[in-house]
Every structure is written in C-alpha cells, then in structure tokens.
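The structure displayed is predicted, hence computed values, not measured ones. Quick note: numbers below take in every heavy atom, side chains included, and nothing from hydrogens, waters or symmetry partners. Order of the sequence lines fixes the chain letters, A, B, ..., with proteins taken first and strands second; residue numbering starts at 1 for each chain.
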Number of protein chains: 2
Amino acid sequence: MDQTKGLRKHRANATTNKVKADLIAVVVAVNEIGPCVLTIAKGPALPSGPFELAHRSLQSGLRAWVELQTGQPLGYIEQLYTFADRDRIDANERVISISYLALTRQEDAGASGQPSWASWYDYFPWEDHRSGTPRMMLEELRPRLLEWAGNADDGATRFDRQRRAAVAFGFDDRPWNEDLTLQRYELLYEAALVEEATGDPNAAPTASASGKAMVADHRRILATGIARLRSKIKYRPVVFELMRPTFTLLQLQRAVEALAGRLINKPNFRRLVEQQELVEETGETSLDTGGRPAKLYRFRHAVLDERAAAGTKLPVMRP
Amino acid sequence: MDQTKGLRKHRANATTNKVKADLIAVVVAVNEIGPCVLTIAKGPALPSGPFELAHRSLQSGLRAWVELQTGQPLGYIEQLYTFADRDRIDANERVISISYLALTRQEDAGASGQPSWASWYDYFPWEDHRSGTPRMMLEELRPRLLEWAGNADDGATRFDRQRRAAVAFGFDDRPWNEDLTLQRYELLYEAALVEEATGDPNAAPTASASGKAMVADHRRILATGIARLRSKIKYRPVVFELMRPTFTLLQLQRAVEALAGRLINKPNFRRLVEQQELVEETGETSLDTGGRPAKLYRFRHAVLDERAAAGTKLPVMRP
DNA sequence: CCGTTTATATTCCGCTTGAGAATAAGGCGG
DNA sequence: CCGCCTTATTCTCAAGCGGAATATAAACGG
C-alpha cells in the first residue's frame with residue numbers, strides 16, 4: 001500500500017461521503033436556585049440544529065439555533081467535543097454532532113422565545129456535595145454499583161469494576177473529585193443504572209431515582225459540559241461570564257460552589273481572588289445581606305490580557 | 001419567532017445541508033533529534049482524509065488514513081478541535097475538519113509506507129528554548145512584531161498589539177510560557193509574519209526565516225497539537241506513550257524537555273516523578289551513559305487507574 | 001446599648017517547590 | 001592501582017503557598 005493510492009482514494013470519494021453535521025449546546029447560567037442548564041421546552045433535550053450553508057461559522061450557527069429555539073443570546077462559547085453518532089448508522093447517512101459549552105446570564109434573555117431552565121443537579125443528583133455527600137449516592141448508587149461489579153464473570157473484572165467505581169465516586173475513603181462528572185455518568189451507563197442505557201432510545205425519557213433522563217445522548221453531553229466547566233473555573237476566570245456586572249465576594253463564592261458542587265473555605269477563597277487581582281471594588285456596598293454590608297466588586301477585564309494562566313507542575317529552570 | 005418554527009426548519013433542511021468531514025492528524029514522536037511530527041511525503045502537510053461510511057468511528061477513520069498514507073500505526077489518540085474551513089466556502093459545499101493529536105513511538109512503524117518525520121521546531125523555530133531564548137526570536141520576530149504594532153492606526157491598538165506580543169513571547173521581562181504556542185502562531189499570522197498569511201493559499205509552501213510553512217492551515221493545526229501536548233504533560237502521564245518500554249530518568253527528562261522546549265531542574269524532576277509513583281525500577285541499569293550507570297525504569301500502567309489527577313486551585317473544604 | 005448576623009482581616013503551621021550542594025559509581029589514562 | 005572525569009543519585013534549606021482557625025468591623029433589631 002503506497003500512499004499514492006491513499007491520496008487517489010481521497011479525491012475519488014470526496015463527493016460521495018457527505019454527512020449531516022449537528023450543532024448542540026450546553027448553555028449554563030447560575031441563579032438563586034443553583035447552576036442551570038437551558039433546555040428546549042419540547043422536552044428534556046438540549047438546544048440543537050444542523051449546520052447549514054447559511055451559517056458563517058460553526059459558532060454562529062450554534063448561536064442562531066439556540067436563539068431561535070429558546071430566545072437566549074449566548075456570550076462565552078467554547079467547543080466541547082465532536083462525535084459520530086453510533087446510534088444512527090444508516091446505510092447512507094452519517095450524523096456528526098459538534099457540542100459546545102456556552103455561559104450566559106439568565107436575565108440576558110430577550111423577549112422572544114421561552115427559555116426553560118433546569119438545575120443541572122436534576123439530571124445528576126449525585127453531583128451536588130454542597131450539603132455533604134448525597135444520601136442517594138451512598139444508599140442507592142453504591143450498593144447497585146457494587147452489585148454490578150459483583151456480577152462480572154472473573155475476579156479480575158470484579159476487582160477492576162470496584163476500583164473504577166471507588167475512584168470515580170470516592171468510595172473507600174478516596175477523595176471526592178468533582179471534575180469526574182463524565183466518568184461517573186459513563187460508569188453508571190455501563191452499569192445500566194441510568195435510563196438511557198436500558199430503555200428504548202426512542203422512548204420518552206422520564207425521571208428516575210438516578211436523575212432525570214434526556215433524549216438520545218444529551219445527558220452525556222451535559223455531563224461533558226459540566227466536567228469541562230468544573231475544571232476550567234480552576235485556571236481561567238470564566239465564572240464572571242455567569243455573574244451580574246457587580247457582585248459581592250460571597251455571591252461569587254456561591255456561584256463557584258454551585259458549579260463545583262462543593263463548599264469552599266471563605267477566607268482562602270477571598271485570598272485567592274484578591275491575590276490574583278481578578279476583581280476591583282466599585283466603591284459601593286450591598287445592604288441586603290442581613291449583617292454587615294458587603295463591598296461590591298466588578299470583574300477586572302484587563303486580566304484576560306495581562307495574564308496567560310502560567311502552567312504549573314513542571315520544575316522548569318529559570319534563566 | 002416561536003420554537004415550533006425552529007423545529008420545523010430543523011426537519012425540513014435535514015437532507016439538504018450535508019457537509020464533507022475531513023479527519024486530520026498531528027502525529028508526534030520523540031527521537032534523538034527531538035520532538036517530531038509525521039508528515040506525508042508528498043509535501044509539507046499532515047496526514048488526512050475524509051470520514052467515510054466504511055469507518056466505524058471517527059478515530060478508526062483517522063487510524064486508517066494515517067496508516068494508509070504513512071504506514072504508521074497509532075497508539076494514543078485525542079481529539080483537538082473541529083472547525084469549518086473558511087477558505088473553502090463554495091456555494092454548495094462546506095468542509096468540516098476534525099483534528100486529532102496522536103502519540104506514537106517512531107520504531108512502531110510497520111514495513112509498509114514511508115513515514116517522513118520532521119522536527120516540529122523546523123516549523124516553529126521560536127518555540128525551542130532549550131538552549132536559551134532563540135536568537136531569531138529576539139533579532140527578527142521582535143522588531144517585526146514591534147513594527148507591526150506601530151503600524152496600527154490608533155494609539156490604543158498600538159498599545160494593545162505590543163502588550164499581546166509581549167505576553168505571548170515573553171518580551172519586557174515577562175516570563176516565557178511554553179503553552180502559548182497557538183497564540184504565538186496566531187499573532188504571527190495576524191502580523192503577516194508567516195508565509196501562510198501572505199501568499200496564495202494554493203502556492204507551494206517553502207521555508208522562510210520564520211519557519212517552514214505548510215499547506216492550508218496545517219501549521220495552525222500543528223500549533224494546536226503542540227500547545228495541547230505541552231499543557232497535557234503537566235497533569236497526565238502521556239509522555240510515556242512516546243518512550244521505549246524501559247528508559248532512564250534522564251531519558252525521560254530529555255523527552256519532556258524536547259516537548260516543552262525548555263530545560264528542567266534535574267533533582268526536582270526526579271522528585272516529581274518518584275513521589276507520583278509514575279515509574280518502577282526494572283532492576284537493570286544502562287551503561288551507555290558515559291558516567292555512572294543509570295537505573296532503568298518502566299512506566300507503572302497502574303497509575304492510569306489509581307489516580308484521577310486531582311484538580312487543584314480551589315480552596316475546597318474537607319469533610 | 002447589647003446581642004445577632006454577616007463581612008472582612010489576621011495569624012499560624014505544615015507542606016510543596018525552587019535551587020543548590022554533596023555524595024556515589026562507573027570508565028579511563030597514567 | 002590511583003586519581004580524574006563523567007554522569008547518577010541523594011540531601012539540604014529557605015521561600016512561598018495552601019489549609020484551617022481565630023479575631024475584628026459594621027450593619028440591624030430589640
């Protein structure tokens with residue numbers, strides 16, 4: 001097989017192997033309730049639509065679909081993942097899905113459309129550790145995962161499944177890692193503990209003990225978005241895309257806690273924010289906190305240019 | 001505009017908006033010379049080919065094309081980015097490119113094919129800081145970037161361009177950040193200091209003072225791959241995909257240095273590797289080091305399961 | 001005026017990290 | 001055989017950072 005053959009084939013098939021490209025969005029906002037995801041009113045599904053000739057770019061196509069389906073304008077957008085749907089392998093049609101994470105403020109919604117927001121913990125109840133480890137995780141998920149591990153044929157697989165579950169969920173005194181949202185969902189899928197894994201893929205999704213289901217693989221895409229966001233807030237100032245123009249430090253902390261799904265040490269969080277110079281005082285204070293008034297801050301947009309988030313962990317030598 | 005209309009449109013256009021999907025690979029290996037990228041022999045281009053109906057998945061399609069064009073089997077693969085080619089907007093054809101990063105060992109090459117490897121610093125000479133800051137960066141790039149900044153219409157833009165160049169390249173006593181490979185290339189592109197930005201996109205690329213050019217946007221994709229790899233080696237043990245089964249700690253360090261493009265403090269690097277338990281001794285030693293024999297190590301594959309690379313940087317509370 | 005509530009500031013300690021020096025174990029030439 | 005050169009391996013030490021708890025400030029309501 002020489003490579004000339006490969007190149008010839010490349011050209012010959014150029015016109016026959018077309019695919020349909022779908023754009024799909026995980027749109028996140030934070031309100032009093034907590035972290036929310038934008039769904040289309042028709043059902044438990046993420047906004048999506050095909051990439052069309054009229055779209056100037058992938059992102060503008062996504063913006064158009066989301067705004068058309070929900071009336072919500074998008075701010076920050078970043079690509080998540082592209083995959084070829086395995087469920088839809090027809091003889092002559094292939095579908096590619098390009099998923100995105102978008103951050104927005106809920107009040108940005110325009111007049112048109114009827115955005116419907118849902119707490120993302122409705123879909124992943126085991127992901128919220130702000131009030132301690134969720135009961136259902138220890139009382140339902142854990143025994144069912146152990147049962148699944150025990151069902152394996154050979155001992156090696158049993159041991160492996162147990163270890164994977166323990167790492168993902170923090171069993172056996174392992175630490176909880178909020179970034180592993182996707183691995184956890186995939187593990188539950190593999191163990192057939194989420195509805196999508198068992199039922200007819202075309203059946204209407206319902207709520208179950210292990211969280212609300214969504215159509216097709218939308219819940220998996222949502223898990224990807226949550227995982228990406230949870231790890232990203234640690235090294236990039238993206239939280240501010242979700243905040244109002246001015247805010248108190250506690251409001252900022254609550255937003256981060258809502259996303260991360262766990263509580264944060266207050267003084268240390270303030271120290272972190274201040275020494276990174278992420279915010280500046282507006283000079284005003286907020287009285288509706290109940291106690292002493294809190295200073296209001298705004299995001300220092302300059303940090304987006306100034307710093308490039310120096311990478312860590314490699315003991316490089318200084319010149 | 002209600003959403004019903006959006007959904008109707010969705011269905012109606014489902015069959016008319018097909019696109020061609022290209023798979024494109026940044027295949028990396030490390031040899032005595034340094035970090036290498038796999039190119040097709042026909043010219044300065046990355047291996048690529050269309051996603052076809054016959055391919056079981058995007059990744060398997062990529063594997064097939066790379067092996068067909070270069071004879072190189074691929075190990076580790078991860079997705080980089082998906083984009084719609086702006087250069088090729090015909091009336092009726094849209095092309096989507098899905099790019100991948102692949103890691104392999106050079107000796108893994110089979111009999112067929114004729115892989116051609118090139119040091120990636122041939123394409124990005126300003127990225128190699130292992131022997132100090134490259135001359136060409138300070139003597140050629142810097143003055144030309146400053147000139148470009150000075151050419152801006154208004155003072156604000158001039159200042160902004162200068163700052164961006166300083167952040168990306170570490171001018172004015174700012175630290176060098178090896179992870180910014182993509183930003184640096186994009187800046188040079190914007191300043192028209194790389195050949196792809198100026199010449200006819202269909203002209204044959206040549207070498208210039210600012211590194212070898214590649215066809216279309218392949219050099220940009222390569223920059224994306226380098227940036228991803230440089231940041232990934234800091235929190236995931238992917239270097240081992242590029243190493244021989246057994247190696248000395250200095251060989252491992254040299255590989256990381258080749259990728260990162262900068263030197264590493266030896267004792268601290270050893271401490272890092274050991275305390276993370278990434279490797280285990282084979283019991284043998286290597287005599288061909290010139291001085292005292294070095295212990296040989298192998299990668300502890302178990303770490304891939306054990307640890308999930310705990311995220312840092314958020315002052316979470318412990319229960 | 002005092003207690004309650006929340007915001008903000010300060011302190012302390014242990015661990016990691018950056019940087020350099022010291023020691024070990026081969027080969028080689030005299 | 002001995003001293004020297006080269007590279008490998010280990011040790012030390014101080015500065016900085018992160019985790020946790022405590023102390024002070026400013027509003028409100030009785």
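The side chain of P267(B) sits closest to dG20(C) out of dT17(C), dG20(C), dG26(C). The R292(B) side chain lies nearest to dA24(C) when the options are dG19(D), dT17(C), dA24(C).
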**Report entry** Derivation of the salt bridge (Lys or Arg N to Asp or Glu O under 4.0 Å) call for E257(A) and R254(A)
**Finding:** CA-CA 5 Å; E257(A) 288 174 337; R254(A) 293 288 175 240; 2.7 Å; yes

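Note: F169(B) and F171(B) have parallel aromatic rings, judged against thresholds of 30 and 60 degrees for the angle between ring planes. Classified by interplanar angle (parallel below 30°, tilted 30° to 60°, perpendicular above 60°), the ring pair W176(B)/H129(B) is parallel. Ring pair F299(A)/H301(A) is perpendicular by interplanar angle, where above 60° counts as perpendicular and below 30° as parallel.
In terms of position along DNA chain D, the nucleotide closest to N268(B) lies nearer the 5' end than the nucleotide closest to the other residue of the pair R271(A) and N268(B). In terms of position along DNA chain C, the nucleotide closest to K295(A) lies nearer the 5' end than the nucleotide closest to the other residue of the pair G290(B) and K295(A).
Distances shown here put a side-chain N or O of Q275(B) below 4.0 Å from the OP1 or OP2 atom of dT17(C). Side-chain N/O atoms of K266(A) include none lying less than 4.0 angstrom from OP1 or OP2 on dT8(C). Residue R270(A) has a polar side-chain atom (N or O) positioned under 4.0 Å from OP1 or OP2 of dT8(C).
Residue-level contact check: L250(A) touches the backbone only, with heavy atoms under 4.0 Å from sugar-phosphate atoms and none from bases.
Computed from coordinates, the L287(A) CG to dG29(D) P distance equals 11 Å when rounded to whole Å. Regarding Q251(A), its CD atom lies at a distance of 14 Å from the P atom of dT6(C), rounded to whole Å. Note: CG (N265(A)) to C1' (dT11(C)) measures 14 Å, nearest angstrom. As a whole-Å value, the separation of Q253(B) CD from dT7(D) P is 13 Å. For the pair L272(B) CG and dA19(C) C1', the interatomic distance rounds to 15 Å; values are reported in whole Å.
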